Amino acid sequence: MTDKVVLIDGNSILYRAFFALPLLNNDKGVYTNAVYGFTTMLLKILEEEKPSHMLVAFDAGKTTFRHKTYTEYKGGRQKTPSELSEQFPLVKELLSAFQIKHYELDQYEADDIIGTLSKHAKSEDMKVKVISGDRDLLQLVQKDVEVALTKKGISNVETYTPSFLEEKLGIRPDQVIDMKALMGDPSDNIPGVPGVGEKTAVKLLQQYETLEGIYENLEQVSGKKLKEKLEQHKEDAFMSKELVTIQTATPVDISFKDITYTGYESRKVLELFKELGFHSLLNRIEGESGTEEQQEIFEDIKLTIVDNVTADLFTGKDAIMLEMLDDHYFYGNILGIAIVNEKGKFFIETNIALGSEIFKKWAEDEQQEKYLYDAKKTIVALKRQGVHLKGVVFDLFLTTYILNPAENNLDIPSISRRLNEKSMPYDEEIYGKGAKQKIPELDVLADHVVRKADIIYQLKDKVTEQLKENDQYELFEKLELPLSEILGEMEYYGVKVDKDRLLHMGEELKDRLKTLENEVFALAGEEFNLNSPKQLGQILFEKMNLPVIKKTKTGYSTSAEVLEQLQDKHEIMPKILLYRQLGKLQSTYIEGLLKVVDEKNNRIHTRFNQALTQTGRLSSTDPNLQNIPIRLEEGRKIRQAFVPSKEDWVIFAGDYSQIELRVLAHIAGDEKLIEAFNEDMDIHTKTAMDVFKVEAEEVTSNMRRQAKAVNFGIVYGISDYGLSQSLGITRKEAKMFIERYLDSFPGVRAYMEDIVQEAKQKGYVTTLMNRRRYLPDITSRNFNLRSFAERTAMNTPIQGSAADIIKKAMIDLAKRLDDEGMEAELLLQVHDELILEAPKNEIDKLKDVVLDVMENAVELAVPLKVDFSYGPTWFDAK
DNA sequence: ACTGGCACGC
DNA sequence: GACGTACGTGCCAGTG
């Protein structure tokens with residue numbers, strides 16, 4: 001058996017753990033969060049790697065040989081916070097309890113120690129695994145040397161083998177140094193070549209292999225600016241290379257004999273855990289000997305390509321993966337279908353599956369349980385083919401999102417790497433990307449799709465378990481999963497569009513835009529591209545010499561805010577503003593919508609993304625029907641083009657009135673706010689009365705406007721800066737408004753304070769229905785990051801609970817419409833409103849049903865109020 | 001193909 | 001006291 005040596009970058013892991021975890025302290029008031037994180041990581045490694053040798057390397061002292069090369073090395077870096085530095089001795093204590101050696105070497109960093117030892121190990125034919133949070137270490141990757149980098153948090157790692165590194169970075173391990181030399185590293189104050197980021201560096205290295213190669217062929221490098229930059233910063237680049245190169249010949253004076261790992265004494269470890277207050281880890285020690293996790297990385301899988309679907313293929317507990325390249329499932333082709341169950345792994349070609357009555361019968365049988373990835377997509381895609389999928393009980397896509405909405409790699413290979421520690425190829429590797437995308441040979445395709453289904457099958461129990469642990473299973477089973485079915489129906493049904501109306505409006509706009517454009521050119525004295533902020537900026541601020549109000553990264557700002565401030569300086573302003581407004585309508589809403597009208601039925605089929613937002617809201621794409629204009633009359637007319645799909649039908653809208661503030665009243669339990677809603681007061685007027693300490697009759701429209709902005713700020717979690725911007729007042733004044741608001745509603749103040757504390761302690765906040773949002777930055781020492789996390793902590797339960805409520809209402813409404821045998825159809829959800837279409841003769845009943853369902857979706861300490869309206873177009877439903 | 005500026009909704 | 005400051009989607013210009 002080959003020996004396996006695990007080398008841990010102690011400093012890096014501790015830093016990661018410190019910043020990833022809330023600042024916990026034990027009962028003695030000693031901070032332990034970093035040690036805790038380090039320990040969980042350590043336990044995981046011991047279980048999984050079963051190392052024969054182990055060492056934790058630390059950085060020594062303040063200066064290293066690198067400072068001789070470059071005195072600015074690691075300059076500008078913030079001092080290690082004392083809350084962290086005091087944890088270093090604890091970790092060393094921990095290591096000695098585990099009987100793991102640690103080591104540091106004067107003048108060298110942990111990297112160098114690890115580099116040197118991994119080289120020694122190589123010559124002794126040992127396998128090496130390096131654990132760090134520092135991407136620099138990737139340069140050590142080679143055959144038999146794997147580097148595991150911490151991802152989010154600490155126990156989540158991504159293991160780089162040479163092939164994985166190449167696939168992920170686009171370069172070979174030996175080119176990592178060159179890449180770093182080009183890119184630089186602000187956190188270590190390594191200069192690199194300015195203007196060269198990851199993309200450019202990779203491109204250059206793919207072409208010229210090494211830094212030296214690039215400079216030898218500098219003449220051929222494309223891009224004038226790039227060439228200049230490279231030339232100017234040649235010295236920096238080479239010095240950077242020297243700095244980032246890990247030394248593999250340091251005078252390390254330990255041998256592998258010294259770092260043999262033979263296990264630890266449970267008693268000692270348990271004692272220390274108790275002392276540190278790591279109660280939750282105690283059982284991990286006792287269970288130590290019993291756990292056996294097999295690792296099957298890139299193991300071949302056995303699958304059958306089915307050419308005749310038979311009933312005994314299915315078990316009633318099957319994972320099904322429907323593969324489709326185009327993420328626009330309304331138009332994409334189904335590439336094939338994989339089924340995995342306890343009997344085996346199967347692949348069925350699309351036409352065989354769809355042509356099979358047995359397949360169809362199974363798919364439509366509610367009793368046959370199915371585990372999916374993205375049920376909505378699958379349901380819609382199959383519905384197009386006349387198959388009505390039923391019996392979905394698990395959706396890996398939705399559940400992964402529920403477990404952590406911040407995770408944005410929700411594709412199956414990524415999920416598998418995170419949760420299952422098994423690798424499978426990414427879609428890009430199988431299908432290619434962009435113009436080069438193509439469908440592979442049947443056996444390759446089958447293998448890929450089956451792997452996905454297999455992962456769904458394998459992870460179903462584990463993920464369900466995690467949901468239950470978090471008390472989130474109900475959120476999945478009772479809310480998100482049934483909702484996905486309803487959303488699928490809405491998408492499939494679509495919204496009817498009056499194309500002629502859009503075309504007509506487009507014609508009109510075209511003329512007005514042309515006229516406006518000419519007027520602007522006349523006033524400017526020349527023609528230019530009015531759609532280019534850059535060119536407009538030059539005209540306004542260079543040619544016309546108007547005062548510069550605000551700059552952007554790349555030049556002058558020409559935003560509406562700026563142009564409005566210049567209104568009285570020049571008559572050109574209103575024309576530009578109007579041009580912008582109309583241009584937006586033309587390009588996004590007229591042309592944009594026309595482009596996505598389904599030729600077959602004149603309907604638009606948006607898609608709702610149910611697994612994207614951090615708060616639990618939905619989003620809508622292709623097109624986005626959640627941002628159709630309403631504020632300005634001109635834009636609002638776009639809504640005239642959204643019409644019922646049948647004659648004598650109407651568009652019906654039901655919208656929650658002030659749902660977020662009502663939710664706030666409920667969660668905060670603020671008596672005054674609750675009373676205001678119980679008495680059905682105008683909430684902005686009420687807020688104005690309290691903030692300005694006046695009677696109802698004395699509230700001026702301006703006071704109400706300001707109060708409204710404050711409420712807006714509360715709902716969306718904006719800062720004093722944000723409020724000052726929206727009201728055009730100073731930050732101080734904005735801050736004062738917020739203070740006065742909180743004085744007026746003490747229950748709200750208490751909530752805001754409590755929720756931040758709770759977030760600090762738990763690391764996350766939750767909504768009414770137990771949706772979570774993790775807030776790692778809540779303990780950050782960076783004021784901005786921390787403030788942002790604090791506002792998020794206050795806001796997410798409000799916005800997220802409102803999202804929960806309307807989702808619940810949608811499920812209830814769909815059921816009710818069905819139960820009552822009504823014809824009305826849900827069309828859209830726009831965060832606090834539901835849009836339906838219905839026959840005229842159903843309006844009275846629909847009104848009762850919608851109001852009843854929406855107002856009673858949940859019971860809060862305040863009533864939920866719903867307004868409704870209807871008319872021949874969406875425009876009229878106001 | 002990617003980034004930045006801008007603008008629309010909640 | 002400053003680092004940038006609700007969440008989304010999509011359009012255009014500009015660059016490579």
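First the proteins, then the strands, lettered A, B, ... as listed; each starts at 1. Worth knowing before you read on, the calculation uses all heavy atoms, side chains too, and leaves out hydrogens, waters and symmetry mates. Please read all numbers here as calculations on a predicted model, not as lab measurements.
- A salt bridge does not link A:Asp720 to A:Lys732: none of the charged nitrogens lies less than 4.0 Å from a carboxylate oxygen.
- More than 12 heavy atoms of other shown residues, nucleotides or ligands fall within 6.0 angstrom of atom NZ in A:Lys227.
- Contacts of A:Phe783 classified as ring-ring contact (aromatic ring centres under 6.0 Å, His included), with partners at least two apart in sequence or in another chain: none.
- A:Gln207 has its CD atom 15 Å from the P atom of C:dG16, to the nearest Å.
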* Where each pair must be Watson-Crick or G-U wobble with both distances under 3.5 Å, what dot-bracket representation of DNA chain C is obtained, with crossing pairs in [ ] and other-strand partners as |? -> ......|||||||||.

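- Note that A:Arg772 lies in the cation-pi zone of A:Tyr764, set by a 6.0 Å cut-off to the ring centre and a 45° limit from the axis.
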* **Protein-to-nucleotide contact annotation, 5' to 3' order, nucleotides 4-10 of chain B [B base; S sugar-phosphate only; - none; under 4.0 Å, heavy atom]** => SSSBBSB

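- Separating the CZ atom of A:Phe788 from the P atom of C:dG4 is a distance of 12 Å, rounded to the nearest angstrom.
- Straight-line distance between the P atoms of B:dA7 and C:dA2: roughly 27 Å, to the nearest whole Å.
- A:Thr796 contributes no side-chain N or O that, together with a main-chain N or O of A:Ala793, makes up a donor-acceptor pair within less than 3.5 Å.
- The salt bridge (Lys or Arg N to Asp or Glu O under 4.0 Å) pairs that include a residue from residues 582-597 of chain A number zero, where partners must be two or more places apart or lie in different chains.
- One atom, CD of A:Glu591, and another, C1' of C:dG10, lie 13 Å apart when rounded to the nearest Å.
- Between the CZ atom of A:Arg791 and the P atom of C:dG4 there is a distance of 13 Å, rounded to whole Å.
- Ring geometry for A:Phe868 against A:Phe652 counts as parallel: the plane angle stays under 30°, on a 0 to 90° scale with 60° as the upper cut.
- Contacts classified as salt bridge (Lys or Arg N to Asp or Glu O under 4.0 Å) and involving residues 610-621 of chain A (residues at least two apart or in different chains) are given here: A:Arg617-A:Glu660.
- Comparing B:dG4 with C:dT5, their P atoms are spaced 12 Å from each other, to the whole Å.
- For DNA chain C, the neighbouring residues in residues 606-614 of chain A, judged by any heavy atom under 4.0 Å, are A:Leu612, A:Thr613, A:Gln614.
- Of all nucleotides listed (C:dA6, C:dA13, C:dC11), C:dA13 comes nearest to the side chain of A:Asn529.
- Screening residues 629-638 of chain A for salt bridge (Lys or Arg N to Asp or Glu O under 4.0 Å) gives A:Arg512-A:Glu634 as the qualifying pairs, with residues at least two apart or on separate chains.
- Across C:dA6 and B:dC8, the matching C1' atoms stand 15 Å from one another, rounded to whole Å.
- Cation-pi geometry between A:Arg607 and A:Phe330 is not met at under 6.0 angstrom from the ring centre and within 45 degrees of the axis.
- Contacts of A:Tyr721 with the nucleic acid, taken as non-hydrogen atoms under 4.0 Å apart, include base atoms.
- In this view, A:Tyr741 and A:Phe745 satisfy the ring-ring contact (aromatic ring centres under 6.0 Å, His included) rule, not counting sequence neighbours.
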Indicate every side-chain donor-acceptor pair of residues 546-553 of chain A with a distance under 3.5 Å to a residue at least two apart or in another chain.
residue, atom, partner, partner atom, Å
A:Thr552, OG1, A:Thr554, N, 3.4
A:Thr552, OG1, A:Gly555, N, 3.2
A:Thr552, OG1, A:Gly555, O, 3.3

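- Remark: P of C:dC7 and CG of A:Asn408 are 14 Å apart, rounded to the nearest angstrom.
- At the heavy-atom level, A:Gln535 lies under 4.0 Å from the strands shown only through sugar-phosphate atoms.
- In terms of heavy-atom proximity, A:Thr606 sits nearest to A:Glu491 at O-CG, 3.2 Å.
- Listed by chain and residue number, A:Phe692 satisfy the ring-ring contact (aromatic ring centres under 6.0 Å, His included) test with A:Phe737 (two or more places apart in sequence, or in another chain).
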Filtered N/O pairs between nucleotides 1-3 of chain C and protein, under 3.5 Å:
residue, atom, partner, partner atom, Å
C:dC3, N1, A:Asn784, ND2, 3.2

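- With sequence neighbours excluded, no residue forms a ring-ring contact (aromatic ring centres under 6.0 Å, His included) with A:Phe875.
- For the pair A:Glu790 CD and C:dA6 P, the interatomic distance rounds to 15 Å; values are reported in whole Å.
- Rounded to an integer number of Å, the gap from A:Lys203 NZ to B:dC2 P is 13 Å.
- Note on A:Ser620: only backbone sugar-phosphate atoms sit closer than 4.0 angstrom, heavy atoms only; bases stay farther off.
- A straight line from CG of A:Leu593 to C1' of C:dC11 spans 12 Å, rounded to a whole angstrom.
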